[in-house]
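First comes the structure, then the notes that go with it.
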Amino acid sequence: MAKQYWLVKSEPDVYPLEQLKKDGHTGWTSVRNYQARNFMRDQMKVGDRVLYYHSNAEPAAFVGIAEVSRASHPDPTQFDAKSEYYDPKSTKDAPTWMMVEIKYVDTFTRAVSRDECKKTKGLEKMSLFKQGRLSVAPVTEAEFEIVCRLGSR
DNA sequence: GCCAACGTTGGC
DNA sequence: GCCAACGTTGGC
């Protein structure tokens, strides 16, 4: 399958890009939305490029790039009774929630704000604006390239 | 902190 | 299967 492009959202208070840079890679756990899960389970492949977005931030913005480093596997937090993401309906044989692992690639020299994207030709139609609440969502190759270009100047 | 959007749950 | 109630996300 051709390489695909994605965005992931994280609140900087919870897991900022700087933390991913320190950790090198991280499991994208705790996603409890079926659409986002389906993207991870069915479509995200090792090597796919990922825009890293800070939500609930001032301003909300794309801040850098990551890459899928491990394909879909069960999210362990669903089996952990102590986790706030525990799902009693999930079993190891039939896990409900899947995750991928992403690795740090780069931090933009400047953040590309949501507002700027809205005003930029070629980005007005980003899925982010149509369905803003998905924590994992596809972006087109063209959108990916435009955001990267804005972020590196 | 407010509130709109929207996904999920549960009664019927 | 419908839909109202409820909870969560996330921009502002």
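Basis for what follows: all heavy atoms, side chains included, without hydrogens, waters or symmetry-related copies. Values in this document were obtained by computation on a predicted structure and should not be read as measured data. Letters A, B, ... are given to chains in the order of the sequence lines, protein chains preceding strands, and every chain is numbered from 1.
Aromatic rings of A:Trp28 and A:Phe39 (six-membered ring for Trp) have centroids beyond the 6.0 Å cut-off, not under it.
Residue A:Asn38 contributes atom CG, which lies 13 Å from atom P of B:dG7 at whole-angstrom precision. Rounded to a whole Å, the CD atom of A:Glu58 is 16 Å from the P atom of B:dG1. The CD atom of A:Glu84 sits 9 Å away from the P atom of C:dT9 (whole-angstrom rounding). Put simply, CZ on A:Arg37 is 15 Å from P on B:dG7, counting in whole angstrom units. Atom CD in A:Glu11 sits about 8 Å away from atom C1' in C:dT9, given to the nearest Å. Between the P atom of B:dT8 and the OH atom of A:Tyr34 lies a distance of 7 Å, rounded to the nearest Å. Distance A:Phe129 CZ to B:dA4 C1': 17 Å, rounded to the nearest Å. C:dG10 atom P lies 15 Å from atom CE of A:Met126, rounded to whole Å.
Note that CZ of A:Arg37 and OG of A:Ser135 are 12.5 Å apart. Values are rounded to the nearest 0.5 Å. In this structure, CD in A:Glu143 is found 9.5 Å from NZ in A:Lys125, a value given to the nearest 0.5 Å. If you take CZ on A:Arg70 and NE2 on A:His25, they are separated by 10.5 Å, rounding to the nearest 0.5 Å.
Between B:dC6 and A:Lys130, no contact under 4.0 Å exists linking OP1 or OP2 to a side-chain N or O. Contact annotation: A:Lys9 does not reach the phosphate of C:dT9 (side-chain N/O to OP1 or OP2, under 4.0 Å). For A:Arg133 and B:dG7, the shortest distance from a side-chain N or O to OP1 or OP2 is not below 4.0 Å. Between A:Tyr53 and C:dG11 there is a side-chain N or O to OP1 or OP2 distance below 4.0 Å.
Proximity note for A:Asn56 (side chain, C-beta onward) versus C:dG10, B:dG7, B:dT8: the nearest is C:dG10. Nearest nucleotide to the A:Arg114 side chain, out of C:dC12, B:dT8, B:dG7: C:dC12. Of the candidate nucleotides C:dG11, C:dC12, B:dG7, B:dG7 has the atom lying nearest to any side-chain atom of A:Gln131.
A donor-acceptor contact closer than 3.5 angstrom is absent between the side chains of A:Ser113 and A:Asp115.
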